[in-house]
Amino acid sequence: MKIDGVASRTIWLQPDGWSVGILDQTMLPHTIVRHTLRTIEDAAHAIKSMQVRGAPLIGVTAAYGVALAMRSDPSDAALKQALGFLAEQRPTAVNLRWALNDLEITLAPLAPKARAAAAYARAGEIAEDDVETCRSIGAHGLRLIRELARDKSGEPVNILTHCNAGWLACVDWGTATSPIYQAHDSGILVHVWVDETRPRCQGSALTAFELAQHGVPYTLIADNAGGHFMQRDCVDMVIVGTDRVTACGDVANKIGTYLKALAAYDNGVPFYVALPYSTIDWSIERGTDIPIEERGADEVLRVQGRLPDGAVASVAISADGTPVRNPAFDVTPAKLVTGFITERGICEASRDGLLSLYPERKSAAA
Ligand SMILES: CSC[C@H]1O[C@H](OP(=O)(O)O)[C@H](O)[C@@H]1O
């Protein structure tokens, strides 16, 4: 996608052929800052600090983190240490484990001297696969939006989304936003209700930013307003992303998603989850088995913003010493999900639904 009219991605291999560039998402929307990752520690910090975030992008960053580690020390011990170190950075998005498993399978059989080049090649393949996968998610999701548009008599299709499952959560296109971009680009009138998504405000800081850059009409709303707009027939569908879907269709996503799913269910609003194959965790069935990341208190106690003089600052919004819990994700049970939008098509949120699109998994899922 584009930033100020210039084609941009969230992560890229630098011209030197080994260091890795990233867009620092903790500085958006106020400033565009790009960093260079030169070590596995840089990659781990980028994931942990949420300079890069979003399940697919976390996976790609981890893959390049392994490549950086292999450039430094390709030994068996170093490979094992690198995989374990990166896996510790964030627990919920299954793409992190998926990518690390992929790199382990790719690199373990190789002679150490061959590992760095193979790791960079595989990380690049994973990144390019993510671009095509997200484009395909958009093509399938476009069909749903086009069907809704038929009944709108020239009015926009109103879509609510939560957090950021946009191109900033991936390498390009996004998951939840890809159908929106493709509908907009094909001339279908769309409007997006953007949940601000406290406490990290990925909606107000990231989704609003990328939709504005693409010229997609949107309205930023408080997280607590979504149910009200659904009740007033202002929402035609909900599309969110996900960090992990179980083999039976339960969905882990940014905290607050479950509440939106309840409001959608109560108001008969279609609730879709967009995801790539790499976000399906075939090893677990129940959403309650998904590890939920607990993040620091300051994310709730403080907000970052731009001062009148343009400087970006963090300010406290609660009294010092306020006790905080900060779960970063929640789990939406499959029964509240209308369907999944994947790179292979659309299916119901169930084991059978997922296996209808991924039949090669039937033996493993038995
Ligand atoms: C396409 S994955 C997007 C997914 O990841 C976000 O979490 P975070 O910003 O903490 O990495 C959020 O759950 C999005 O739906």
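Atoms within a ligand are numbered from 1 in the order they appear, just like the ligands themselves. Since we're looking at a predicted model, the values are computed, not measured.
Residues Glu285 and Arg351 are paired through a salt bridge, judged by an N-O separation under 4.0 Å between the basic side chain and the carboxylate. Arg97 has a carboxylate O that lies under 4.0 Å from a charged side-chain N of Asp281, or vice versa, which qualifies the two as a salt bridge.
In summary, the atoms of ligand 1 found under 4.0 Å from a heavy atom of Arg53, numbered by their order in the structure, are 6 (C), 9 (O), 11 (O). Close approach to Gln202 involves these atoms of ligand 1, each under 4.0 Å from a residue heavy atom: 8 (P), 9 (O), 10 (O).
Residue, atom and distance of the protein heavy atom nearest to atom 13 (O) of ligand 1 are Asp243 OD1, 2.5 Å. The protein non-hydrogen atom at the shortest distance from atom 3 (C) of ligand 1 is Asn164 O, 3.5 Å. When hydrogens are left out, the protein atom nearest atom 15 (O) of ligand 1 is Asn253 OD1, 2.5 Å; that is the closest non-hydrogen contact. Considering only non-hydrogen protein atoms, atom 2 (S) of ligand 1 sits nearest to Ala55 N, 3.3 Å. The protein heavy-atom contact nearest to atom 11 (O) of ligand 1 is Gly54 N, 2.8 Å.
Between Thr175 and ligand 1, no pair of N/O atoms sits closer than 3.5 Å.
Less than 6.0 angstrom separates the ring centroid of Tyr277 from the ring centroid of Trp98. Aromatic pair Phe229/Trp193: ring centres closer than 6.0 Å.
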- Message: What verdict does the side chain to side chain donor-acceptor pair (under 3.5 Å) test give for Arg53 and Gln202, after you've listed the backbone C-alpha separation in whole Å, the side-chain angles of each residue and the deciding distance to 0.1 Å?
- Response: CA-CA 10 Å; Arg53 29 64 52 198; Gln202 288 98 323; over 6 Å; no
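Within the 4.0 Å heavy-atom criterion, the part of Thr242 lying near ligand 1 is the backbone and not the side chain. The proximity of Arg200 to ligand 1, defined as any non-hydrogen pair under 4.0 Å, does not occur for either the backbone or the side chain.
Within the 4.0 Å heavy-atom cutoff, Glu293 does not count among the residues contacting ligand 1. Proximity of Ala328 to ligand 1 is not established, as no heavy-atom distance is less than 4.0 Å. The closest approach between a heavy atom of Thr279 and any atom of ligand 1 is not below 4.0 Å.
Shown here for Asn326 and Glu294, the closest heavy-atom pair between the two residues is N-OE1, 3.4 Å.
With a 4.5 Å cut-off on side-chain heavy atoms, Lys2 and His214 do not count as touching.
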